[in-house]
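Protein chains get the first letters and strands the later ones, always in sequence-line order, with residue 1 at the start of each. Atoms considered below: every heavy atom in the structure, side chains included; atoms not considered: hydrogens, waters and symmetry mates. Predicted model, so just to flag it, every value in this text is computed and none were measured.
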Protein chains: 2
Amino acid sequence: MLSSTATTELDPFSPRTLALLDRAAAFCTTRASRLTETRRLVLGLILESRKPAGAYDILDHLRQYQRNAAPPTVYRALDFLLAQGLIHRIERMSAFIGCAHRLDCHHGNGCGHRAQFLICSGCGAVSEVEDSEISHAITSASRKIGFKPQQSTIEIEGICASCQQADST
Amino acid sequence: MLSSTATTELDPFSPRTLALLDRAAAFCTTRASRLTETRRLVLGLILESRKPAGAYDILDHLRQYQRNAAPPTVYRALDFLLAQGLIHRIERMSAFIGCAHRLDCHHGNGCGHRAQFLICSGCGAVSEVEDSEISHAITSASRKIGFKPQQSTIEIEGICASCQQADST
DNA sequence: ATCTCAGTCGTTATAATATAACTAAAGGCG
DNA sequence: CGCCTTTAGTTATATTATAACGACTGAGAT
């Protein structure tokens, strides 16, 4: 990286994000992939966001640290993070969230990749679940018609528990 | 519509598409909604396409009939057709397909709207299924965490039966 | 019969999302 | 060091989608 693109400001990530970034770095080490500074910043920005982060939102924030950042800067980092399974893309929102299984859970890192997303139309929050009943239903419905499933996008929009409570008051 | 935007050329739709358009027109009548000429053309173009049609692909074709067509022309028609349930949007592809249940099936028009889509990465074709096991799994997984599902996007990418055969030869 | 209103459409401009293509620097490794 | 692969900078552009405003249409109300 050019020395002119200084990244010397302290990054403002919360302790939780910092811990997750450490896990991500460790994970990348095991895969012989490199969590570079830009990639780490992009992942950190996604993890800090309460809602899925759009590429240009990320770009705006990233520019606080790297004045030269441009769309390809962000999209390349996103491509890397997606390839490593460290983030997910929410198709309905054209936005990105951290992968709960890679980063949050205690199962180690070998979790499957058959996640489903529950998107709250009240607060915009997205939670990731991994429900085997859904996965099995998809596999079996596919087999019924001779289709060989490889990868699926499951996005369920509705109202989360806390927004339901808020509404009913 | 301005008389200058003539739509007098014969439309080239196949007999199958014409029959589906008739169904669509009848369906709209029951809902007191208007399947205008532009909307009918857009739906026809989608139905003629073997693969999901992108908005700008539709626009290119539409211009054969309406020289003035612009992006809003197409997006407005798409919004209408989506609202009527006559088409679906495939999120992963930013593209649109006809709704098999509204137009193809013999159940009448009262079908549910919990469709799933199987996208073949070989040939690009998309088939729509309505599998109750998947729907139930989604409902039950949502309830488990207090989430109230309203609408879901289920897109499964893989290899369709005929592409599997083609590959194995 | 015409008024009026909701719905539809034409038109222009622009927003939002994403990638192509080329150059150069950085880092691993002999 | 010298070579090669990966990563990043930079500019330009492609692709998808919407905002905003004025005008036309058709159906019911007066």
field: Atom pair distance, as rounded to whole Å: CD in A/E37 and P in D/dG9
entry: 11 Å
message: Tell me the interatomic distance from A/L35, atom CG, to C/dG27, atom C1', rounded to whole angstroms.
response: 16 Å
- request: Just jot down the salt bridge (Lys or Arg N to Asp or Glu O under 4.0 Å) partners of B/R143, sequence neighbours excluded, or say none.
  value: none
message: Checking A/E133 now: which residues fulfil side chain to side chain donor-acceptor pair (under 3.5 Å) with it, not counting sequence neighbours?
response: B/S140
- request: In whole angstrom, give the distance that lies between atom CG of B/L78 and atom P of D/dT16.
  value: 12 Å
field: Sequence-distant partners of A/S132, side chain to side chain donor-acceptor pair (under 3.5 Å), two or more places apart
entry: none
field: Side chain of B/A70 - closest among D/dA8, C/dT11, D/dA17
entry: C/dT11
Between D/dT18 (P) and B/D79 (CG): distance, integer Å: 7 Å
- prompt: In residues 80-94 of chain A, which residues come under 4.0 Å of DNA chain D by heavy atom?
  reply: none
message: The criterion is side chain to side chain contact (heavy atoms under 4.5 Å, CB included); which residues satisfy it with A/S94, sequence neighbours excluded?
response: A/R89
query: Between residues 42-60 of chain B and DNA chain D, which residues have a heavy-atom gap below 4.0 Å?
result: B/Y56
- prompt: With sequence neighbours left out, what residues match B/K144 under salt bridge (Lys or Arg N to Asp or Glu O under 4.0 Å)?
  reply: A/D131
- request: Among residues two or more places apart or on two chains, list those pairs meeting side chain to side chain donor-acceptor pair (under 3.5 Å) that have a residue in residues 39-49 of chain B.
  value: B/D11-B/R40, B/S14-B/E48, B/T17-B/E48
statement: Residue set satisfying salt bridge (Lys or Arg N to Asp or Glu O under 4.0 Å) with B/R16, at least two apart, ordered chain then number -> B/D104
query: Under 4.0 Å between a side-chain N/O of A/N68 and OP1 or OP2 of D/dT10, yes or no?
result: yes
field: Options C/dA18, C/dT8, D/dT18, nucleotide nearest the side-chain atoms of B/Y75
entry: D/dT18
task: Round to a whole Å and report the spacing from CZ of A/R63 to C1' of D/dG9.
output: 12 Å
- request: Mind telling me whether B/Y65 and B/F13 have parallel, tilted or perpendicular rings, with 30° and 60° as the class edges?
  value: tilted
- line: A/L118 and B/S142 have their tightest heavy-atom pair at CD2-OG, 4.0 Å
- prompt: If you look at every heavy atom in B/G44 and B/L21, which pair is closest and at what distance?
  reply: N-CD2, 3.8 Å
Can you give me the N/O atom pairs linking the protein to nucleotides 20-22 of chain D at distances under 3.5 Å, or say none if there are none?
from: D/dA20; atom 1: N6; to: B/R76; atom 2: NH2; distance (Å): 3.1

- prompt: Which whole-number value in Å describes the distance from A/R67 CZ to D/dG9 P?
  reply: 12 Å
task: Can you tell me the distance, in whole Å, between the CD atom of B/Q66 and the P atom of C/dT11?
output: 11 Å
- prompt: For A/E157, what residues pass the salt bridge (Lys or Arg N to Asp or Glu O under 4.0 Å) criterion, not counting sequence neighbours?
  reply: A/R92
query: Starting at CG of A/L41 and ending at C1' of D/dA8, how long is that distance when rounded to a whole Å?
result: 14 Å
Distance test, side-chain N/O of B/R39 to OP1/OP2 of C/dC9, below 4.0 Å: yes
query: If you check every side-chain atom of B/T36, which of D/dA17, D/dT10, C/dC9 has the closest atom?
result: C/dC9
statement: Sorted by chain and number, sequence neighbours left out, ring-ring contact (aromatic ring centres under 6.0 Å, His included) with B/F117 holds for B/H88
